[in-house]
Amino acid sequence: LDTFVAAVYEHAVILPNTTKTPVSQEDALMLMNKNLDVLEKAIKLAAEKGAQIIVTPEDGIYGWHFTRETIYPYLEDIPDPQVNWIPCTEPDRFGYSPVQKRLSCLARENSIYVVANIGDKKECDVNDFNCPSDGRYQYNTAVVFDSKGKLVARYHKYNLFASEVQFNFPKDSTYATFDTPFGKFGIFTCFDIFSYDPAVILVDKFQVDSIVFPTAWMNTLPLLSAVPFHSSWAKAMKVNLLSANTHNTRMQMTGSGIYAPEAVKVYYYDMETESGQLLLSELKSRPRTSSNYPAAVDWSAYAKNVKSFTSDQANFPGNIYFDEFIFTELSKDTGNYTVCQKDLCCHLSYKMSEKRSDEVYALGVFDGLHTVQGEYYQQICTLLKCQTADLKTCGEPIGSAFTKFEEFSLSGTFHTSYVFPQIVLSGTQLATEQHFEVLSDGRLQSRS
Amino acid sequence: DVPLPILAMTLYGRVFEKDPPRLGQGDHTLQ
């Protein structure tokens with residue numbers, strides 16, 4: 001098939017009561033079945049509308065706030081997909097597995113690939129040096145059932161987020177892929193999107209066409225809101241990304257989408273209601289062969305060869321998500337600025353419709369290791385609106401903006417080929433390909 | 001080409017070769 005219809009479901013997860021003692025397996029299943037009742041309606045509706053695959057969120061069946069002990073009743077033993085198993089028709093083959101059976105039947109009865117996130121448990125013994133003291137490994141796991149209900153992929157989340165104390169890190173990275181009539185797919189989960197292993201490897205080495213991405217993503221403006229970041233990943237990595245987020249406004253969780261390399265197909269961001277949402281879009285099965293496949297970008301080509309803009313105004317420090325940036329203020333309605341930290345220099349040229357007295361913008365740069373809730377090295381160039389007119393608030397989250405930019409060009413002397421371009425508009429909405437373009441020399445600029 | 005009310009415009013680079021072996025295994029956690 002040249003194209004296919006993809007669906008993602010942003011699910012408002014029904015959460016278990018917080019408890020310090022484990023509930024019974026029956027109570028755990030009752031809670032999971034409540035969530036599966038909701039997912040079932042979404043899966044049926046997606047299939048009726050022609051979708052061939054649907055992605056549901058991380059933590060979408062059992063929720064969160066678990067300890068290692070309290071999540072145990074929610075876990076099932078998930079076998080290697082090589083065993084060739086259809087849980088819907090052989091529910092007892094691998095012991096207690098009611099959730100896998102129900103997911104398999106939903107896929108089979110609706111003739112649709114179903115991607116879901118559940119928990120896997122694997123017993124181990126004293127001969128295993130790494131075996132936890134309670135005698136089992138517990139894994140945050142993504143599963144895929146094909147349109148016949150067969151388990152075709154199992155992925156143990158490799159890069160656990162700091163708060164996931166209920167799960168074990170897999171010893172080695174595993175690469176979960178599955179072939180369909182509509183292209184080759186890869187899987188990773190939430191925090192993995194920051195990683196080389198497995199996220200980049202799935203794309204660069206395994207040459208997948210599409211990624212299915214269950215996530216439970218807490219939005220953090222200005223840089224790491226789900227829709228802008230995930231859509232920029234699809235654009236930069238040049239694959240389809242089917243991103244299903246949980247929906248919980250109290251936890252800042254919203255933002256799901258279907259993203260293609262050449263365009264954002266559809267996205268959902270809603271901090272006003274507590275509703276779930278089904279999204280569907282048609283995608284190219286093999287985007288690498290498309291005529292409008294994005295050209296390769298040399299992200300530092302322009303910036304390394306342009307003379308830095310000089311300014312007599314002082315730079316100032318600011319903090320974004322625990323990282324110390326260097327900023328310079330955009331003091332006029334039109335201008336050119338360069339700001340540098342370590343090996344990274346960022347260049348900005350811009351023209352505002354007018355310079356408002358009640359809004360302050362700054363150009364920021366960061367070149368360093370992020371060390372909170374995980375460690376990863378970043379090089380960032382960002383133009384952002386400060387929270388107030390006080391420069392000390394530059395980098396703090398802000399949701400609305402009235403200053404309009406007629407023209408802009410942003411570039412940087414990056415020492416990596418993995419650069420993700422994003423523009424967030426007032427209301428945390430997304431600027432689309434109609435608004436901006438990325439030139440092959442690495443400039444992110446407005447379309448004229 | 002409607003002028004854009006921009007909140008943030010970002011080039012977000014990741015330098016993977018300077019990462020630790022696994023992202024979630026840093027020594028620092030959020031207090």
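All of these numbers come straight from a predicted model, not from anything done at the bench. We name chains A, B, ... by the order of the sequence lines, and we start the count at 1 in each one.
Residues A/Gln379 and A/Asp367 bring a donor and an acceptor atom of their side chains to less than 3.5 Å of each other.
Below 4.5 Å, heavy atoms of chain B meet heavy atoms from A/Leu348, all part of residues 343-351 of chain A. Inspection of non-hydrogen atoms places A/Tyr418, A/Val419, A/Phe420, A/Pro421, A/Gln422, A/Ile423, A/Val424, A/Leu425, A/Ser426, A/Gly427, A/Thr428 of residues 417-428 of chain A under 4.5 Å from chain B.
Residue contact with chain B, scored on non-hydrogen atoms closer than 4.5 Å, involves the backbone and the side chain of A/Leu410 alike. The contact between A/Ser400 and chain B is made entirely by backbone atoms, counting heavy-atom distances below 4.5 Å. Both the backbone and the side chain of A/Ser195 come within less than 4.5 Å of a heavy atom in chain B. With a 4.5 angstrom heavy-atom cutoff, A/Val438 does not touch chain B via any of its atoms. Residue A/Ile320 does not touch chain B at all, counting heavy-atom pairs closer than 4.5 Å. Only the side chain of A/Phe229 comes within less than 4.5 Å of a heavy atom of chain B; its backbone N, CA, C and O stay farther away.
Counting heavy atoms from C-beta on, the side chains of A/Gln373 and A/Tyr321 come closer than 4.5 Å. Between A/Leu383 and A/Tyr361, the closest side-chain pair of non-hydrogen atoms falls below 4.5 Å. Looking at A/Phe325 and A/Asn319, their side chains never come closer than 4.5 Å, going by heavy atoms from C-beta outward. Annotation: side chain of A/Leu160 is in contact with side chain of A/Asn140 (closest heavy-atom distance under 4.5 Å). Residues A/Lys355 and A/Thr334 fail the side-chain proximity criterion, which asks for heavy atoms closer than 4.5 Å.
Here A/Gly399 is the residue among A/Gly412, A/Gly364, A/Ser353, A/Gly399 with the most heavy-atom pairs under 4.5 Å with chain B.
A centroid separation of 6.0 Å or more is found between the aromatic rings of A/His156 and A/Phe169.
Residues that satisfy the disulfide (SG to SG under 2.5 Å) test with A/Cys190, not counting sequence neighbours, are absent from this structure. Residues satisfying the ring-ring contact (aromatic ring centres under 6.0 Å, His included) test with A/Phe161, not counting sequence neighbours, are A/Phe191.
Taking the ring axis of A/Tyr158 as reference, the NZ or CZ atom of B/Arg22 stays within 45° of it and closer than 6.0 Å to the ring centre.
Salt bridge status for A/Lys404 with A/Glu354: absent, with no side-chain N to carboxylate O gap under 4.0 Å. Ion pair A/Lys157/A/Glu164 flagged as a salt bridge, since at least one NZ, NE, NH1 or NH2 atom sits closer than 4.0 Å to an Asp/Glu carboxylate oxygen.
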Practice item. Determine, stepwise, if the pair A/Phe327 / A/Leu363 fulfils side chain to side chain contact (heavy atoms under 4.5 Å, CB included). Key: CA-CA 5 Å; A/Phe327 286 107; A/Leu363 173 65; over 6 Å; no
